[in-house]
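Remarks on the structure that follows.
Reckoned from all heavy atoms, side chains included, excluding hydrogens, waters and symmetry mates. By convention in this document, chain letters (A, B, ...) are assigned in the order of the sequence lines, proteins followed by strands, and residues within each chain are numbered from 1.
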Number of protein chains: 2
Amino acid sequence: MARKSSRSTSFDVAALAGVSQSAVSRAFTTGSRIADETRTKVLEAALKLNYVPNSIASSLTTKRTNIVALIIGNLDNPFYVHVLHTFSRRLQEQGRQVLIFTVEPNSESDEAIMHLLKYQVDGVVLTAAQLSTRMISLCHDRGIPIVLFNRYIPGSDASGVRCDNVAGGALIAEAFLAAGAKNFALITGDLKGTTSQDRVRGFVGRLLEGGVKRTRIVEVEGHSSYEGALNATAKLFRDQNRVRPDALFGVNDIMAMAAIDALRHRIGLRVPEDLMVGGFDDIPEGRRLPYQLTTVRQPIEQMVDETLQLLHLDDPTEPIPRGIDRPIKGRLIWRNTIPVPLSHRWTEPEIQS
Amino acid sequence: MARKSSRSTSFDVAALAGVSQSAVSRAFTTGSRIADETRTKVLEAALKLNYVPNSIASSLTTKRTNIVALIIGNLDNPFYVHVLHTFSRRLQEQGRQVLIFTVEPNSESDEAIMHLLKYQVDGVVLTAAQLSTRMISLCHDRGIPIVLFNRYIPGSDASGVRCDNVAGGALIAEAFLAAGAKNFALITGDLKGTTSQDRVRGFVGRLLEGGVKRTRIVEVEGHSSYEGALNATAKLFRDQNRVRPDALFGVNDIMAMAAIDALRHRIGLRVPEDLMVGGFDDIPEGRRLPYQLTTVRQPIEQMVDETLQLLHLDDPTEPIPRGIDRPIKGRLIWRNTIPVPLSHRWTEPEIQS
DNA sequence: CATAGTAGTGCATGCGCATGCATAGTGAGC
DNA sequence: GCTCACTATGCATGCGCATGCACTACTATG
């Protein structure tokens with residue numbers, strides 16, 4: 001047999017160290033009652049045998065796997081890559097592992113849930129994907145906390161952390177108004193998702209307060225992609241009879257960037273001279289020289305922290321938080337795609353590389 | 001106790017179905033000897049109890065977790081995000097799970113290995129990160145196959161799949177020569193990595209064959225990042241006394257894109273009129289309107305397939321492949337940053353969205 | 001009708017570790 | 001010197017499932 005796995009067990013180590021198997025177990029468990037001397041002896045033996053404790057086996061008794069599942073629906077958007085990265089880093093710092101499930105953008109993740117249930121994960125984070133309430137109760141029944149990231153299911157008892165998208169959308173509307181825009185348009189992804197919905201609502205709502213009655217809304221086919229937004233922008237300017245917008249809100253940064261590209265390279269308009277553009281997310285790509293996108297920053301670090309807190313990973317006896325909705329305020333980052341009105345000049349400048 | 005995990009076991013199901021626990025186990029194991037009638041009975045009972053088999057427990061006996069670890073060192077580069085995505089999709093299709101470890105770009109991943117050993121993963125894929133030979137033998141000794149993706153460790157017995165970077169670099173050099181360039185420069189990340197090294201080698205080598213004796217090489221500080229390449233490009237054009245290059249090879253697409261941005265927005269040069277630029281990877285971002293980057297496409301799908309084959313996930317009795325190096329040829333994608341010479345006009349055109 | 005063969009099932013056991021309980025050992029306090 | 005309190009350790013057991021083996025009830029064959 002070629003793949004003879006010479007994995008030594010706690011018994012092997014115990015034998016070499018001249019102690020019992022329980023002693024080996026305790027040596028590897030912090031906060032266990034064991035003499036320093038014994039622990040040293042055990043660790044030395046373990047080192048000799050290349051022994052590594054089998055977490056799988058230990059989780060059988062402890063009922064904790066230290067694995068957190070992350071369901072992610074859109075890796076095409078750098079924002080969610082950043083989210084993934086942040087979760088991964090944080091959880092690794094805590095000595096936990098990340099089991100990842102990728103699903104189609106905005107598609108059902110019920111199947112993924114079934115898989116991760118088999119692995120007895122300690123918690124689930126779901127982002128950029130849908131979930132049936134049946135699955136949520138399935139998790140809850142088994143004591144597995146699940147937190148939605150930047151998404152919520154109205155009326156369900158799933159908890160979630162998200163950016164305050166309504167307020168964020170309003171931020172962009174305000175910036176446009178302050179910069180003196182008159183005709184407004186926005187490009188959004190699938191309006192079935194609460195995230196897009198809220199941003200649109202916040203944007204349109206704030207404009208209404210400002211006396212603007214009409215906003216052109218173009219819904220991209222499929223999910224919020226660069227290509228979709230490219231076509232949507234073209235469509236927006238195809239009809240020559242309509243009033244040309246002078247302010248365009250891309251409901252997330254990639255769509256805003258796509259719009260900018262389309263405006264410059266296809267339509268032949270300048271940004272922000274002919275038309276100002278606002279985004280949402282603050283992905284690093286938006287900071288680059290050709291874009292310098294004015295946008296709403298989602299405080300990822302803080303959102304991830306809140307999410308992990310809701311998971312109660314450290315104290316499984318805590319009741320699973322149900323129906324909690326934690327909206328977190330974003331912040332407007334002034335860059336170059338919306339002219340900064342005089343009244344805003346005092347805003348702290350951002351250091352650019 | 002709030003988190004009363006009401007997880008039912010195979011015994012509960014057995015009791016309800018009026019069979020033995022082994023029957024339940026067999027009902028969930030494909031290819032097991034069990035009457036259809038019994039299986040149906042079991043599955044019905046399981047459904048009633050919301051029973052989901054505990055993979056953790058089963059892996060204790062089967063010695064297979066169906067978990068594959070993926071160590072990834074650079075999520076800032078969309079190329080590796082794409083790689084991650086492809087692996088995830090493929091493995092999920094096979095009913096396997098992905099345990100992800102993110103490490104700092106090009107840093108040691110020994111610690112990650114220690115963690116994943118605890119989880120008895122069935123295989124390891126490592127990309128954009130370093131690994132000590134000690135760790136490789138540690139994995140091999142325990143029967144865990146490990147495959148390097150786009151990276152190799154000369155003289156070690158770790159196997160790897162990679163793009164043929166030497167040939168790829170040569171492809172760009174050829175394109176430059178065919179387009180009539182005279183003065184060449186390149187921007188690369190850390191030259192300790194074999195990937196950058198090979199691309200540079202291939203590029204410079206081909207130029208030498210073409211009679212070009214000098215190539216300016218700028219090594220970015222740190223890893224291959226957008227920001228690094230931005231500075232490197234600036235540096236490249238700072239010295240007015242030197243001959244200005246008319247062809248610039250960005251050793252990967254983000255660096256090439258950064259170079260283009262810097263040239264246009266900082267230096268004030270046109271691409272490709274004043275200076276042609278070639279990239280490597282073919283990330284989707286490079287196809288966008290402002291860039292239309294001519295680049296070498298890495299065949300990700302094929303590379304992932306080869307990697308999974310080397311892992312022998314389906315047949316653990318296969319000997320672990322050692323010291324195998326599978327270079328896979330990339331393909332030049334003509335777009336707009338290198339003028340297409342007349343002699344190449346016949347190349348199949350790419351459909352652009 | 002006798003026998004060999006086969007499909008279906010249950011029993012018992014073990015995977016590697018954690019942990020409650022019992023026990024041995026140590027030192028302090030009277 | 002004796003008891004008490006406490007620490008360190010070992011023993012035995014169970015976590016949830018897979019699987020070798022034994023056993024039963026059939027079917028096919030001569």
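Note that the two end axes of the helix from C/dC1-D/dG30 to C/dC30-D/dG1 enclose an angle of 40°, each drawn from 5 base pairs, rounded to 10 degrees.
In this structure, A/Asp12 atom CG and C/dC17 atom C1' are separated by 13 Å, rounded to whole Å. Atom OH in B/Tyr119 sits roughly 14 Å away from atom C1' in C/dC17 (whole-Å rounding). The CG-P distance, from B/Asn66 to D/dA18, rounds to 12 Å in whole Å. Taking atom CG of residue A/Asn54 and atom C1' of nucleotide C/dG14, one finds them 14 Å apart after rounding to whole Å. In this structure, the CZ atom of B/Phe11 is 13 Å from the P atom of C/dT13, given to the nearest Å. In this structure, the CD1 atom of A/Ile56 is 14 Å from the P atom of D/dC17, given to the nearest Å.
Between the side chain of A/Asn54 and the backbone N or O of A/Ala57, at least one donor-acceptor pair lies under 3.5 Å. Side-chain atoms of A/Tyr119 come within 3.5 Å of backbone atoms of B/Thr65 as a donor-acceptor pair (strictly under, hydrogens ignored).
Of the N and O atoms on the side chains of B/Ser88 and B/Gln92, at least one donor lies less than 3.5 Å from an acceptor on the other residue. For the residue pair B/Thr127/B/Asn150, the side-chain donor-acceptor check at 3.5 Å is not satisfied.
Each ring-ring contact (aromatic ring centres under 6.0 Å, His included) pair with one or both residues in residues 18-42 of chain B, not counting sequence neighbours, appears once here: B/Phe28-B/Tyr51.
With values rounded to the nearest 0.5 angstrom, A/Glu306 atom CD is found 9.5 Å from A/Met303 atom CE.
Residues A/Arg162 and A/Thr194 fail the side-chain proximity criterion, which asks for heavy atoms closer than 4.5 Å.
You'll find that the side chain of A/Thr61 is closest to D/dG14, out of C/dT19, D/dG14, D/dG16. Of the candidates C/dC15, D/dA18, C/dC17, C/dC15 carries the atom nearest the B/Leu60 side chain, counting heavy atoms from C-beta on.
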Identify each atom pair where a protein N or O and an N or O of nucleotides 6-11 of chain C are less than 3.5 Å apart, giving names and distance.
from: C/dG8; atom 1: N7; to: B/Arg33; atom 2: NH2; distance (Å): 3.2
from: C/dT9; atom 1: OP1; to: B/Thr38; atom 2: OG1; distance (Å): 2.2
from: C/dT9; atom 1: OP2; to: B/Ala35; atom 2: N; distance (Å): 2.8
from: C/dT9; atom 1: OP2; to: B/Thr38; atom 2: OG1; distance (Å): 3.0
from: C/dG10; atom 1: OP1; to: B/Ser20; atom 2: N; distance (Å): 3.4
from: C/dG10; atom 1: OP2; to: B/Ser20; atom 2: N; distance (Å): 3.0
from: C/dG10; atom 1: OP2; to: B/Ser20; atom 2: OG; distance (Å): 2.8
from: C/dG10; atom 1: N7; to: B/Arg26; atom 2: NH2; distance (Å): 2.7
from: C/dG10; atom 1: O6; to: B/Arg26; atom 2: NH2; distance (Å): 3.1
from: C/dC11; atom 1: N4; to: B/Ser22; atom 2: OG; distance (Å): 2.9

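Between B/Ser25 and the phosphate of D/dA18, there is a side-chain N or O to OP1/OP2 separation shorter than 4.0 Å. The side chain of A/Lys63 contributes no N or O atom lying less than 4.0 Å from OP1 or OP2 of C/dA18. Residue A/Tyr51 places at least one side-chain N or O under 4.0 Å from the OP1 or OP2 atom of C/dC17. The phosphate of C/dG16 (OP1 or OP2) has no side-chain N or O of A/Ser10 nearer than 4.0 angstrom.
Centroid-to-centroid, the aromatic rings of A/Phe149 and A/Tyr80 stay 6.0 Å apart or farther.
A salt bridge links B/Asp314 with B/Arg96: the distance from a Lys NZ or Arg NE/NH1/NH2 to an Asp or Glu carboxylate oxygen falls below 4.0 Å.
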